[in-house]
Amino acid sequence: MQTIRRLAELRPALSVFWSAGEDIALVPTMGALHAGHMALVAEAKLAARRVVVSIFVNPRQFGANEDLSRYPRKDLADARMLAEAGVDILWMPSVDEVYPAGFATTVSVAGVSEGLDGAARPGHFDGVATVVAKLFNQVRPHVALFGEKDFQQLAVIRRMVADLDFGIDIRGVPTQRDDDGLALSSRNIYLVAEDRAKAIALPRALGVAATTIAKNGKPDDALATARDTLTAAGFTVDYVELVDAETLGKPAPGRPRRLLAAARIAGTRLIDNIAVNEEG
Ligand code: PAF
């Protein structure tokens, strides 16, 4: 695996693949890799001849009071995991390499970015869309893989790719979970044992609500119950909402639906989501 930190070195390394006609899969990450990321890498290896993984903790997607300065960084362990998984290039640029002096562009995806996390974290999806657009232009992958845990992020990126004609196949990979059901996240590391035990209430509350909605078709009571359950478990709830799975707007009859939640436990913000099937 080549670890590359400068754009001037990335281009010649990629041009070897481009000129050999080899297709490229990109897995964008912020590092602190876990089994969820490695599932993306495994899918990437099936999807293309060459795999590029980026690790870049993107300051533009963190709000002023968020965890940028303490976001977990495990570069050496990450590089080892990626090399063992057979990744071709680890692209690990510095902040100055991605945002040089004078950088002045923001990519903003209206609509799908605006509710849910977009409302709770103003500017977050502008930061995500801007950096992902840059990564796409730097790596020029044929396919890019993102986890479904960040369901709204996936929807924002799909919209951006369609609107800006990137011509990249965007694939969502199902959320990887611990044995008790908690979605894997780099931020789970912040949870002390007591809060980690309470955190399981999040996937459970979503599972109960999704089953109830699928059975009786009445979301309002099920959503209220999920919020109450989370509050009783010690969470401060940002939102629990049922949305259209593509637009993330109001759910409509006959369209796929998704239940999304964000809630904080002891200052750690967790997100999760689940499909709501007709049969539950
Ligand atoms: O999901 C993430 O880790 C980040 O939001 C991403 C897509 C790498 C952009 O910084």
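Counting starts at 1 for both ligands and their atoms, in listed order.
- Within 6.0 Å of the CD atom in E66, the count of heavy atoms belonging to other residues, nucleotides or ligands exceeds 12.
- Close approach to Q61 involves these atoms of ligand 1, each under 4.0 Å from a residue heavy atom: 4 (C), 5 (O), 9 (C), 10 (O).
- Atoms of ligand 1 found under 4.0 Å from any heavy atom of P28 (numbered from 1 in listed order, with element): 8 (C).
- For the pairing with W91, the side chain to side chain contact (heavy atoms under 4.5 Å, CB included) check across V53, T3, L7, L26 returns one residue only, L7.
- Listed by chain and residue number, nothing satisfies the ring pair (Phe, Tyr, Trp, His ring centres under 6.0 Å) test with Y190 (two or more places apart in sequence, or in another chain).
- By the 6.0 Å contact criterion, CZ on R255 is enclosed, its count of non-hydrogen atoms from other residues, nucleotides or ligands being greater than 12.
- In terms of protein heavy-atom proximity, atom 5 (O) of ligand 1 is nearest to Q153 OE1, 2.6 Å.
- The salt bridge (Lys or Arg N to Asp or Glu O under 4.0 Å) pairs that include a residue from residues 227-239 are D238-R264, D238-R269, where partners are two or more places apart or lie in different chains.
- Listed by atom number, the atoms of ligand 1 under 4.0 Å from V131 heavy atoms are 9 (C), 10 (O).
- For ligand 1, the atoms lying closer than 4.0 Å to a non-hydrogen atom of T29 are 8 (C).
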